[in-house]
K.L.:
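This structure is in structure tokens; I'll ask about it shortly.
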Amino acid sequence: MYLSRRLLALPLGLAATAAIGLVPGAAATGGPPGPAAAPGEPLSYVVNSATDPATLDRVEAATADAGGTVVATYPEIGVTVAHAADADFGDRLRAVPGVQSAGATRTAPLRSTAAGPEQGPWEGRFRAYEDRGAAGAASADAASAGAASAGARARTVPPEPLEADQWSLRVVRADRAHALATGSPDVTVGVLDNGVDDTHPDLAANFSAAQSADCVDGVADTTPGAWRPDPEGAAAGHGTWVAGQIAAPRNGVGVAGVAPDVTVASIRASAPGGGYIYAESAVCALVFAADHGIDIANMSFSMDPWHFVCADDPDQRAILDAVSRAGRYATGEGVLQVAAAGNGSRDLADPAFTDAESPSDGTPAERTVDPAECPVLPHMLPGVLSAASVGSEGLKSDHSDHGLGAIDIAAPGGDDYQIPDTPSKDPYVLSTWPGGTYASGPGTSAATAQVSGVAALLKSTHPYASPAKLSALLAAQADNPGCPEVYDPDGDGVENAVCEGDDRRNGFYGAGITDALDAVRR
């Protein structure tokens, strides 16, 4: 998840990366180590094959012959999830007729799945709303008054109690858009994350349990409440925080979402505590979304354990193949996928990028990669919208990844150097948090949620629009400030990043900053 390297998410662009099977040979030097599990400890695998019944039967038989166990089969896309302890399992399955790729989805053994990544610098940056101190924590009445002074008098909808601190709504003009449209409950945004607290008073009315599940183990568990977050971990509220930004209703409680009348669902894809998201979880989540009427999949994460996934390694190739198949299937079933671009201030157009973070579940080994051939999943897959982050002034967030061709669109994610004129002066994005509380946090995870919210407004007024049409509408209605002459947000005289492109499309904002008002009035 995007917090320690990931949780401020990167996952929602139409980046020009090759589909699996067309990758001409990924450029990765200083090859990564293989699975780190000790002999005899099981790993999880994905086996990608033809979809005919005979081939799927051969895969099942070969899995058993190799001492493995089939966990789930997705015949629509030819992906089988299996557990096996045999170190040669991948090689044995790759030799089966009809199998195109097979490999381990992790380097750590299954027994360590629940631990999740160690807390990183982003995980401590979520702030409980009530803990900001007298200077920042305005009362509900004062917050409402602040919203009015910020321009709410011109609206035909009353502000929510904490809306004065929701500067993000004003950047995307959602506060003004709500006077015209608030979205349709027939549109559902699936939050693929670490769980959503559907009992939150600012989410319960818009939540769909029938479209929710837990996909952590690679097979959908629809047991009531399985989709809720585990209370462990500093980032356990991440999915709830994302969901509120999308669809918190205008109900006189707390905050408002960008699309306050659309439906939200939780498809849990990360291990307890906001931990790892592996290929089998992403495949399960995307297929579940496609099969359960999800219109927009919000993916505020990047995947583990490989930050860049290179097809010249058999394990990574299998991951890329499996997730690509699931993504194509979801797109074909009408699901628009929006994913986070990442929070490492990285230039994803750099053809000789140094990846020092992989594998995230083992001991990272530095390697040089070309992101055009070793994409970051899921946001660099074809058909996925990649969202970058801006602060309250509409300037690229210092933390946000960038790169011409790697970013499709931008939205609020906060920035320490851009301080809003709000009661709390909090530069982060305020939203719901488990237990009926509220918190603020930064990152491209928030940007992804804001884009998903605007996409939901568009889907509400264009119910028959395909994912490609929605992407085009989002791009057409975005506002692009163009590249700044010099990008120096901390004011130290040193340029922090270089923006390439023009005011139609560039590496900081893609097509521009998403605009909810234009989305509902055009």
K.L.:
Closest heavy-atom contact between Met303 and Pro378?
P.N.:
CG-CD, 4.4 Å
K.L.:
Indicate whether the side chain of Ser445 and that of His238 have a donor and an acceptor atom separated by less than 3.5 Å.
P.N.:
yes
K.L.:
Verify, without hydrogens or angle tests, whether Asn206 (side chain) and Ala247 (backbone) share a donor-acceptor contact under 3.5 angstrom.
P.N.:
yes
K.L.:
Taking the inter-plane angle between the rings of Phe308 and Phe353 on a 0 to 90° scale, is it parallel (under 30°), tilted (30 to 60°) or perpendicular (over 60°)?
P.N.:
tilted
K.L.:
Which value, rounded to the nearest 0.5 Å, describes the distance between Leu286 atom CG and Leu192 atom CG?
P.N.:
6.0 Å
K.L.:
How close do Trp167 and Pro412 get, counting heavy atoms only, and between which atoms?
P.N.:
CZ3-CB, 3.6 Å
K.L.:
Quick check against the 3.5 Å criterion: does Ser386 have a side-chain atom that pairs as donor or acceptor with the backbone of Ala406?
P.N.:
yes
K.L.:
Whether the side chain of Ser281 engages the backbone of Val216 through a donor-acceptor N/O pair (distance < 3.5 Å, no angle test) should be reported.
P.N.:
yes
K.L.:
With the side chain counted from C-beta on, respond yes when Ser471 and Leu336 share a heavy-atom pair under 4.5 Å apart, and no when they do not.
P.N.:
yes
K.L.:
To the nearest 0.5 angstrom, please state how far the SG atom of Cys215 sits from the CD1 atom of Ile277.
P.N.:
11.0 Å
K.L.:
May I ask you to test the Asp347-His402 pair for a side-chain heavy-atom distance under 4.5 Å?
P.N.:
yes
K.L.:
Would you sort out whether Asp515 and Arg173 count as a salt bridge (Lys or Arg N to Asp or Glu O under 4.0 Å), showing the intermediate values?
P.N.:
CA-CA 6 Å; Asp515 189 324; Arg173 302 203 293 176; 2.8 Å; yes
K.L.:
Going through the distances and angles, do Val191 and Val264 end up as a side chain to side chain contact (heavy atoms under 4.5 Å, CB included)?
P.N.:
CA-CA 7 Å; Val191 177; Val264 69; 3.6 Å; yes
K.L.:
If we ignore hydrogens and angles and just use 3.5 Å, is the side chain of Asp261 paired with the main-chain N or O of Pro185 as donor and acceptor?
P.N.:
no
K.L.:
Where is the tightest heavy-atom contact between Glu495 and Glu485, given as atom of each residue plus distance?
P.N.:
OE2-O, 4.0 Å
K.L.:
Would you say the side chain of Leu320 lies within less than 4.5 Å of the side chain of Leu381, judging by non-hydrogen atoms?
P.N.:
yes
K.L.:
With a 3.5 Å cut-off and no angle check, do the side chains of Tyr417 and Asp488 form a donor-acceptor pair?
P.N.:
no
K.L.:
Establish, yes or no, whether a centroid distance under 6.0 Å links the rings of Tyr487 and Phe508.
P.N.:
yes
K.L.:
For Pro158, does its backbone N or O pair with a side-chain atom of Arg250 as donor and acceptor, under 3.5 Å?
P.N.:
yes
K.L.:
Does any part of the side chain of Arg268, heavy atoms only, come nearer than 4.5 Å to the side chain of Asp221, both counted from C-beta?
P.N.:
no
K.L.:
side-chain hydrogen bond (donor to acceptor under 3.5 Å, both in side chains) for Asn194 and Asp230? Distances and angles first, verdict last.
P.N.:
CA-CA 8 Å; Asn194 67 342; Asp230 187 284; over 6 Å; no
K.L.:
Are Asp490 and Asp398 close enough that some pair of their side-chain heavy atoms sits under 4.5 Å apart?
P.N.:
no
K.L.:
With a 4.5 Å limit on heavy-atom distance, are the side chains of Asp197 and Phe207 in contact?
P.N.:
no
K.L.:
Which one of Ser184, Ser460, Pro249 satisfies the side-chain contact (heavy atoms from CB on, under 4.5 Å) criterion with Val262?
P.N.:
Ser460
K.L.:
Looking only at heavy atoms, which two atoms of Ala388 and Ser400 are closest? And how far apart?
P.N.:
CB-OG, 3.5 Å
K.L.:
Is a side-chain N or O of Ser389 found less than 3.5 angstrom from the main chain of Ala447, in a donor-acceptor match?
P.N.:
no
K.L.:
Can you tell if the side chain of Ile419 reaches within under 4.5 Å of the side chain of Pro427, non-hydrogen atoms only?
P.N.:
yes
K.L.:
Would you call the rings of Phe288 and His292 parallel, tilted or perpendicular, taking 30° and 60° as the class edges?
P.N.:
parallel
K.L.:
How many angstroms lie between OG in Ser345 and NZ in Lys396, if you round to the nearest 0.5 Å?
P.N.:
5.5 Å
K.L.:
Take atom CD in Glu76; do more than 12 heavy atoms of anything else shown fall under 6.0 Å from it?
P.N.:
yes
K.L.:
Let me know which of Leu180, Val187, Val258, Thr182 forms a side-chain contact (heavy atoms from CB on, under 4.5 Å) with Leu457.
P.N.:
Val258
K.L.:
Treating Ser440 as the side-chain partner and Tyr428 as the backbone partner, does any N or O pair qualify as donor plus acceptor under 3.5 Å?
P.N.:
no
K.L.:
Can you tell me how far CG of Asp175 sits from CG of Leu169, rounded to the nearest 0.5 angstrom?
P.N.:
6.5 Å
K.L.:
For Asn343 versus Arg346, what's the shortest heavy-atom pair and its separation?
P.N.:
N-NH2, 3.6 Å
K.L.:
Are Gln450 and Val429 side-chain neighbours, meaning at least one heavy-atom pair lies under 4.5 Å?
P.N.:
yes
K.L.:
Please round to the nearest 0.5 Å and tell me the distance separating atom CD of Gln477 and atom OG1 of Thr514.
P.N.:
8.0 Å
K.L.:
Between Gly275 and Ser270, what is the shortest heavy-atom contact and its length?
P.N.:
O-CB, 3.5 Å
K.L.:
Using modelled atom types and a 3.5 Å cut-off, is there a donor and acceptor pairing between side-chain atoms of His379 and backbone atoms of Val384?
P.N.:
no
K.L.:
Applying side chain to side chain contact (heavy atoms under 4.5 Å, CB included), run through Arg228 and Thr199 and close with a yes or a no.
P.N.:
CA-CA 9 Å; Arg228 293 176 186 147; Thr199 69; 4.0 Å; yes
K.L.:
Pair Arg521, Asp518 - check salt bridge (Lys or Arg N to Asp or Glu O under 4.0 Å), show working.
P.N.:
CA-CA 5 Å; Arg521 69 182 182 183; Asp518 281 349; 3.2 Å; yes
K.L.:
Can you tell me how far CD1 of Ile296 sits from OG of Ser452, rounded to the nearest 0.5 angstrom?
P.N.:
6.5 Å
K.L.:
Decide side chain to side chain contact (heavy atoms under 4.5 Å, CB included) for Tyr438 and His200; before the verdict, give the C-alpha distance in whole Å, the side-chain angles of both, and the deciding distance to 0.1 Å.
P.N.:
CA-CA 10 Å; Tyr438 299 85; His200 195 293; 3.5 Å; yes
K.L.:
Passes side chain to side chain contact (heavy atoms under 4.5 Å, CB included), Glu163 versus Leu430? Steps please.
P.N.:
CA-CA 9 Å; Glu163 190 172 343; Leu430 177 64; over 6 Å; no
K.L.:
Does Asp503 form a side-chain hydrogen bond (donor to acceptor under 3.5 Å, both in side chains) with Tyr509? I'd like the steps, not just the answer.
P.N.:
CA-CA 9 Å; Asp503 60 5; Tyr509 311 105; over 6 Å; no
K.L.:
Side chains of Thr432 and Asp202 only: does a donor on one sit below 3.5 Å from an acceptor on the other?
P.N.:
no
K.L.:
Tell me if a side-chain donor or acceptor on Asp304 pairs with a main-chain N or O of Tyr278 at a distance below 3.5 Å.
P.N.:
no
K.L.:
Would you check if the side chain of Ser266 reaches a backbone N or O of Trp227 as a donor-acceptor pair within less than 3.5 Å?
P.N.:
yes
K.L.:
Quick one: do the Asn480 and Asn506 side chains pair a donor with an acceptor below 3.5 Å?
P.N.:
yes
